[in-house]
Amino acid sequence: MPGCFKKTLFALASLVSFVSFLLIVVSMGTPKWMTGKILCKTGADLVNATDPELVKFIGEIYYGLFRGGKIRQCGLGGRRSKFTIFPHMVKKLNTGLHVMIIMFLCVAIFFSLVSFGFCILNAIKVPYRAIKGPAGVCLWNFIAGGFIVLAVTSFMAAVKLHHHTERIANFRENVFQFVTLEERFEDCFWLCVASATAHAVNLLLITISGIHFPKIKTKTEEANVTAEDIMY
């Protein structure tokens with residue numbers, strides 16, 4: 001049976017793994033990974049809008065991995081609309097990269113649950129196989145955290161290098177052209193970053209659990225037996 005100290009650390013690590021799993025699921029299901037401001041360039045050019053008038057042509061956009069919405073401002077008031085990434089819009093984006101982001105997060109979800117199970121196993125008993133022990137827990141956390149980092153990095157590449165926001169804003173826009181003025185990574189994106197950080201914390205906890213702290217031993221005083229003691 002593991003000691004009380006190790007039980008506490010593995011119980012805490014299992015909680016962290018489960019929290020990481022929840023963070024990924026919540027972030028994937030919410031539509032606000034990115035928000036931004038989009039300018040209706042066609043409308044602004046038609047009326048030669050100056051700085052004070054550009055406000056009438058600046059709309060908003062938000063989106064996640066599966067859905068989003070935008071407010072079109074082309075001089076005649078805002079028009080709200082919602083959209084889904086699949087199945088049609090994904091063809092306008094970098095399809096391979098977008099699908100890879102989702103796959104990376106799905107793999108991270110799986111290994112987060114594997115890490116959760118192995119942490120509970122180590123909190124209950126000492127496994128006889130090394131892969132089921134602390135080494136295995138470190139491996140699963142490293143894989144889960146690595147895939148989350150890949151997903152986050154890929155999403156940033158899609159936004160900055162492949163102009164994700166601009167492509168989404170111009171989807172099925174035959175008359176007006178939109179350009180991106182501002183982009184902000186929102187809370188759902190940072191939840192994934194927090195999830196990767198949670199796995200790094202788990203690696204630290206497992207490392208601490210393997211440290212053997214010296215035991216404090218009390219010295220027993222040796223009894224000095226003299227000849228006088230034997231006589232009495």
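Given the structure is predicted, the values throughout are model-derived calculations rather than measurements.
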Nearest-0.5 Å distance that lies between atom [atom1] in [X] and atom [atom2] in [Y]:
{"X": "Leu181", "Y": "Thr165", "atom1": "CG", "atom2": "OG1", "result": "11.5 Å"}
{"X": "Trp140", "Y": "Asn202", "atom1": "CH2", "atom2": "CG", "result": "14.5 Å"}
{"X": "Trp33", "Y": "Ser27", "atom1": "CH2", "atom2": "OG", "result": "5.0 Å"}
{"X": "Lys91", "Y": "Phe171", "atom1": "NZ", "atom2": "CZ", "result": "9.0 Å"}
{"X": "Met89", "Y": "Arg172", "atom1": "CE", "atom2": "CZ", "result": "8.0 Å"}

Residues Arg72, Glu60: salt bridge by 4.0 Å N-O rule | no
Closest non-hydrogen atom pair, [X] against [Y]:
{"X": "Cys119", "Y": "Val137", "answer": "SG-CG1, 3.6 Å"}
{"X": "Glu166", "Y": "Thr180", "answer": "OE1-N, 3.4 Å"}
{"X": "Ile71", "Y": "Gly78", "answer": "CG2-CA, 4.0 Å"}
{"X": "Thr30", "Y": "Arg67", "answer": "CA-NH2, 4.5 Å"}
{"X": "Asn170", "Y": "Lys92", "answer": "O-CE, 3.9 Å"}
{"X": "Phe178", "Y": "Cys74", "answer": "CZ-SG, 3.8 Å"}

Qualifying residue, where the test is side chain to side chain contact (heavy atoms under 4.5 Å, CB included) with Phe10 and the options are Asn122, Leu15, Leu121 = Asn122
Any [X] side-chain heavy atom under 4.5 Å of [Y] side chain:
{"X": "Pro31", "Y": "Tyr63", "answer": "no"}
{"X": "Leu191", "Y": "Ser195", "answer": "no"}
{"X": "Val26", "Y": "Cys188", "answer": "no"}
{"X": "Lys32", "Y": "Phe189", "answer": "no"}
{"X": "Val159", "Y": "Glu183", "answer": "yes"}

Does the ring center of His98 lie less than 6.0 Å from the ring center of Phe86?
-> yes
Does atom [atom1] of [X] have more than 12 heavy-atom neighbours, drawn from other residues, nucleotides or ligands, at distances under 6.0 Å?
{"X": "Arg79", "atom1": "CZ", "result": "no"}
{"X": "Phe185", "atom1": "CZ", "result": "yes"}
{"X": "Lys82", "atom1": "NZ", "result": "no"}

N/O donor-acceptor pair under 3.5 Å between [X] side chain and [Y] backbone:
{"X": "Asn94", "Y": "Leu97", "answer": "yes"}
{"X": "Lys6", "Y": "Ala123", "answer": "no"}
{"X": "Arg80", "Y": "Lys70", "answer": "no"}

Output a table of donor-acceptor pairs, distance under 3.5 Å, between side-chain atoms of residues 38-45 and any protein atom two or more places apart or on a different chain; print 'none' if there are none.
unit_1 : atom_1 : unit_2 : atom_2 : d
Lys41  : NZ     : Asp45  : OD2    : 3.1
Thr42  : OG1    : Gln177 : N      : 2.8

Is there a path of hydrophobic side-chain contacts, each under 4.5 Å between heavy atoms of I, L, V, M, F, W or Y residues, that connects Ile102 with Val90?
->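 Same cluster: Ile102 reaches Val90 through Ile, Leu, Val, Met, Phe, Trp or Tyr contacts under 4.5 Å.
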Test side chain to side chain donor-acceptor pair (under 3.5 Å) applied to Thr35 and Arg184, step by step | CA-CA 5 Å; Thr35 59; Arg184 295 183 305 275; 3.2 Å; yes
Identify all side-chain donor-acceptor contacts of residues 150-157 below 3.5 Å with residues at least two apart in sequence or on another chain.
unit_1 : atom_1 : unit_2 : atom_2 : d
Thr153 : OG1    : Val149 : O      : 2.7
Ser154 : OG     : Leu150 : O      : 2.7

